[in-house]
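Taking it in order: structure first as C-alpha cells, then the write-up.
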There are 2 protein chains.
Amino acid sequence: MEESEILAKLPKAFTESALRQEMLTHGKFITVNKDDTLVREGQYLDFLPIVIKGEIRVFQQKEDREILLYYVREGQTCMMSLSAAYFNHTSTSYGVATKPSEIFVFPTRLVNEWQLKYSSWNAYLIQTFRSRYDELLGSFESVAFDPIDKRVLSYLTDRAKKENTPQIAISHQNLAYELGTTRVVISRILKGFEQQGKVKLFRGSIQLK
Amino acid sequence: MEESEILAKLPKAFTESALRQEMLTHGKFITVNKDDTLVREGQYLDFLPIVIKGEIRVFQQKEDREILLYYVREGQTCMMSLSAAYFNHTSTSYGVATKPSEIFVFPTRLVNEWQLKYSSWNAYLIQTFRSRYDELLGSFESVAFDPIDKRVLSYLTDRAKKENTPQIAISHQNLAYELGTTRVVISRILKGFEQQGKVKLFRGSIQLK
DNA sequence: TGCTTTATGTATCTTTTGATACCGTTTTTT
DNA sequence: AAAAAACGGTATCAAAAGATACATAAAGCA
C-alpha cells in the first residue's frame with residue numbers, strides 16, 4: 001500500500017501531519033472477520049484500535065445478562081480500551097466485530113505520549129469520551145422515562161436513518177436483547193404498530209412506513 | 001492566605017509542582033452558598049471549577065422533568081463543564097451547590113494548554129471522564145434491570161457507607177426524585193422494609209438496621 | 001425428504017408500578 | 001396563634017410489562 005494511500009485512511013480528525021506520520025510509523029492495519037473478538041474482559045491492552053472500516057460491538061457480560069455499551073464505527077476508537085490502556089488496567093468489556101472490518105492499531109504507550117504533543121489527539125480523546133457519555137445518557141433517559149413502544153419506534157427510526165433504508169434487518173428476539181426486554185413484548189408491540197399502519201412485518205426484518 | 005496553604009488545598013492528583021504553581025498563578029478561590037447556581041444551560045464557560053470543599057449538583061432540565069447527572073465532590077471537577085469549555089460550547093446542564101462550598105476556578109483556555117504540558121492533568125481529565133461514565137453505566141443498569149425496591153435499598157446502603165452512618169437524612173419525596181419515581185411508591189416500599197425490620201422510619205430520615 | 005432450529009403470533013395470568021385521592025401530623029412562616 | 005407548607009400513611013384503580021404456554025410457519029440441514 002502506498003504511504004499516501006495509508007495516510008488517507010486515517011481519520012481526518014488528526015490534523016497535525018507529524019501525528020499522522022507517527023501513526024504510520026508505529027501503527028499497522030489489521031483485518032478481522034465477523035464475530036472475531038478483539039478485546040475480552042480481563043485482558044491488558046497492548047494496542048489501541050481505531051476502526052477504519054466495519055463495526056465493533058462493545059459490551060459487558062454479567063452473570064445472566066449482557067449490556068451493550070456502544071458500537072465503534074468508522075473513524076472512531078473504543079473509549080473503554082482507551083481508558084484501560086491509559087491506566088494500564090485490564091479491560092472490563094468485550095469487543096466483537098459485527099462484520100468484516102479493517103482496524104488500525106498502535107501501541108498503547110503512545111496514547112499518553114501523544115497527549116503531550118498533539119492537540120488534535122487531545123481533542124479526539126475528549127470528543128470520544130464526551131460523545132459516549134451523551135450517548136449513554138440518552139439511553140438512560142430513554143430507559144428511565146420512555147415506555148417500551150416508544151423505544152422500539154426510536155430504535156427503528158434511528159437505524160433506518162443511519163442505514164438509509166426503511167428496511168431494518170433484525171429479529172424480534174434480537175430487538176428484545178437490544179432494548180433489554182423479552183421477545184413476547186416486542187412481538188406484541190410490533191403487531192400493534194402494524195395494525196396502526198406504522199410498519200410492515202417480515203420474517204427477520206421490519207419495514208418502516 | 002499563605003501560598004503553601006493554598007497549594008495544600010489543591011487536589012493531590014496534580015503532581016507536577018509547575019502545574020500547581022500555574023494553578024496558583026492563574027486561578028482563584030471562590031465561595032458559594034447553598035442553592036447558588038454556578039453554571040446554567042446555554043452559558044459559555046470562562047472558568048473551570050474544581051470543588052475544594054462542599055458539593056455541586058449537576059443536572060439537566062427538560063420540559064417536564066429533571067435528570068440528575070452527578071455530584072461534584074471534593075477534589076473533583078465537572079465533566080460537563082470541562083468538555084463544554086474544551087470545545088467552547090455552551091453548557092447543556094446546570095450546576096447548583098447543595099451546601100456552602102469552596103471552589104477553585106481558573107480560565108478555561110488553560111485546559112487545553114495544560115494538556116500539552118502536564119501528564120497529571122491529562123490523567124485527571126481522563127479519570128474524570130471515565131469515572132463519570134462508569135457511574136452513569138451503573139445507574140443505567142440499575143434502572144434497566146433492578147426493581148425499585150432493590151434500588152431504594154442500594155441507594156440507602158450506598159449513602160450509609162459514604163456518610164458512614166446508618167441514619168440517612170432524606171424525605172420520601174426527595175428520594176423519589178433521586179430514583180426517578182413518585183413519593184407514594186417510595187413510601188409504600190419503605191413501609192414494607194420497616195415491616196421486614198430492615199429500616200426504621202423517621203420524619204425526614206431513614207435508619208438502616 | 002424428514003428433522004431441527006428459528007421466527008413469529010397470541011392468549012392468559014400475575015406482578016410491578018404509577019395515578020389519584022384523601023387523611024392526619026409536624027414544621028415553618030406569617 | 002393562625003395559616004401554609006412539608007411530610008408521611010394508605011386505599012383504590014389502571015396501565016404497563018413480564019412470565020408462561022402453546023401454536024404455526026419458514027428456513028436450514030442431514
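Note that this is a predicted model, so its numbers are computed, not measured. Convention: sequence-line order gives letters A, B, ...; per-chain numbering from 1.
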Answer yes or no: is there a donor N or O on one side and an acceptor on the other, between the side chain of A:Thr157 and the main chain of A:Ser154, under 3.5 Å? yes
Would you confirm whether A:Thr128, through its side chain, and A:Ile126, through its main-chain N or O, come within 3.5 Å as a donor-acceptor pair? no
Distance check needed: [N] [atom2] versus [X] [atom1], whole Å only.
{"X": "A:Lys191", "N": "C:dT8", "atom1": "NZ", "atom2": "C1'", "result": "8 Å"}
{"X": "A:Ile186", "N": "C:dT10", "atom1": "CD1", "atom2": "P", "result": "16 Å"}
{"X": "A:Gln173", "N": "C:dT6", "atom1": "CD", "atom2": "C1'", "result": "10 Å"}
{"X": "B:Ile189", "N": "D:dG8", "atom1": "CD1", "atom2": "P", "result": "15 Å"}
{"X": "A:Ile170", "N": "C:dT6", "atom1": "CD1", "atom2": "C1'", "result": "15 Å"}
{"X": "B:Leu179", "N": "C:dG18", "atom1": "CG", "atom2": "P", "result": "10 Å"}
{"X": "A:Leu175", "N": "C:dT6", "atom1": "CG", "atom2": "P", "result": "18 Å"}
{"X": "B:Tyr177", "N": "D:dG8", "atom1": "OH", "atom2": "P", "result": "13 Å"}

Contact under 4.0 Å: A:His172 side-chain N or O vs C:dT6 OP1/OP2: no
May I ask you to verify if any side-chain N or O of B:Ser187 is less than 4.0 angstrom from the OP1 or OP2 atom of D:dT10?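 Indeed not, no polar side-chain atom of B:Ser187 lies that close.
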Which residue pairs pass the salt bridge (Lys or Arg N to Asp or Glu O under 4.0 Å) test with at least one member in residues 150-164 of chain A, sequence neighbours excluded? A:Asp146-A:Lys150, A:Arg159-A:Glu163
Pair listing, salt bridge (Lys or Arg N to Asp or Glu O under 4.0 Å) test, anchored in residues 70-88 of chain B, at least two apart: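 Non-adjacent pairs meeting salt bridge (Lys or Arg N to Asp or Glu O under 4.0 Å): B:Lys53-B:Glu74, B:Glu55-B:Arg73.
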Result block: side-chain N/O donor-acceptor pairs under 3.5 angstrom for residues 196-205 of chain B, not counting sequence neighbours:
| from | atom 1 | to | atom 2 | distance (Å) |
| --- | --- | --- | --- | --- |
| B:Gln196 | OE1 | B:Lys198 | NZ | 2.9 |
| B:Gln196 | NE2 | B:Gly192 | O | 3.4 |
| B:Ser205 | OG | B:Gln167 | NE2 | 2.9 |

I need the residues from residues 192-201 of chain A with at least one non-hydrogen atom less than 4.0 Å from DNA chain D; give them sorted by number, or say none. none
Go through residues 139-153 of chain A and report each residue with a non-hydrogen atom lying under 4.0 Å from DNA chain D, sorted by number.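 Heavy-atom contacts with DNA chain D come from A:Pro147, A:Ile148.
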Which residues satisfy the salt bridge (Lys or Arg N to Asp or Glu O under 4.0 Å) test with B:Arg20, sequence neighbours excluded? none
Please name all residues satisfying salt bridge (Lys or Arg N to Asp or Glu O under 4.0 Å) with A:Arg132, sequence neighbours left out, ordered by chain then number. A:Glu135
Trace of the side chain to side chain donor-acceptor pair (under 3.5 Å) decision for A:Gln76 with A:Tyr71: CA-CA 9 Å; A:Gln76 302 179 335; A:Tyr71 290 95; over 6 Å; no
Expected list for residues 78-90 of chain B: side-chain donor-acceptor pairs under 3.5 angstrom, two or more places apart:
| from | atom 1 | to | atom 2 | distance (Å) |
| --- | --- | --- | --- | --- |
| B:Ser83 | OG | A:Arg130 | NH1 | 2.4 |
| B:Tyr86 | OH | A:Ala123 | N | 3.2 |
| B:Tyr86 | OH | B:Gln115 | OE1 | 3.4 |

Could you tell me, to 10°, how much the axis swings from one end of the helix from C:dT1-D:dA30 to C:dT30-D:dA1 to the other, five pairs per end?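 The helix from C:dT1-D:dA30 to C:dT30-D:dA1 shows an end-to-end axis angle of 40°.
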Please assess B:Phe59 against B:Ser93 for the test side-chain contact (heavy atoms from CB on, under 4.5 Å), listing each intermediate value before the final yes or no. CA-CA 6 Å; B:Phe59 59 94; B:Ser93 44; over 6 Å; no
Can you build the contact string for nucleotides 20-25 of chain C? Use B for base contact, S for sugar-phosphate-only contact, and - for no protein heavy atom under 4.0 Å. BB---B
Among residues at least two apart in sequence or on other chains, which ones pass side-chain contact (heavy atoms from CB on, under 4.5 Å) with A:Asp149?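 Checked A:Asp149 against side-chain contact (heavy atoms from CB on, under 4.5 Å); matches are A:Pro147, A:Ile189, A:Phe193.
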Listed partners of B:Glu41 passing side-chain contact (heavy atoms from CB on, under 4.5 Å), at least two apart: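 Residues passing side-chain contact (heavy atoms from CB on, under 4.5 Å) with B:Glu41: B:Tyr94.
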Does a side-chain heavy-atom distance below 4.5 Å link B:Leu156 with B:Leu190?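 With C-beta onward as the side chain, the pair touches.
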Qualifying residue for ring pair (Phe, Tyr, Trp, His ring centres under 6.0 Å) with B:Phe106, from B:Phe47, B:Phe29, B:Trp114: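 Checked B:Phe47, B:Phe29, B:Trp114 against B:Phe106; only one passes ring pair (Phe, Tyr, Trp, His ring centres under 6.0 Å): B:Trp114.
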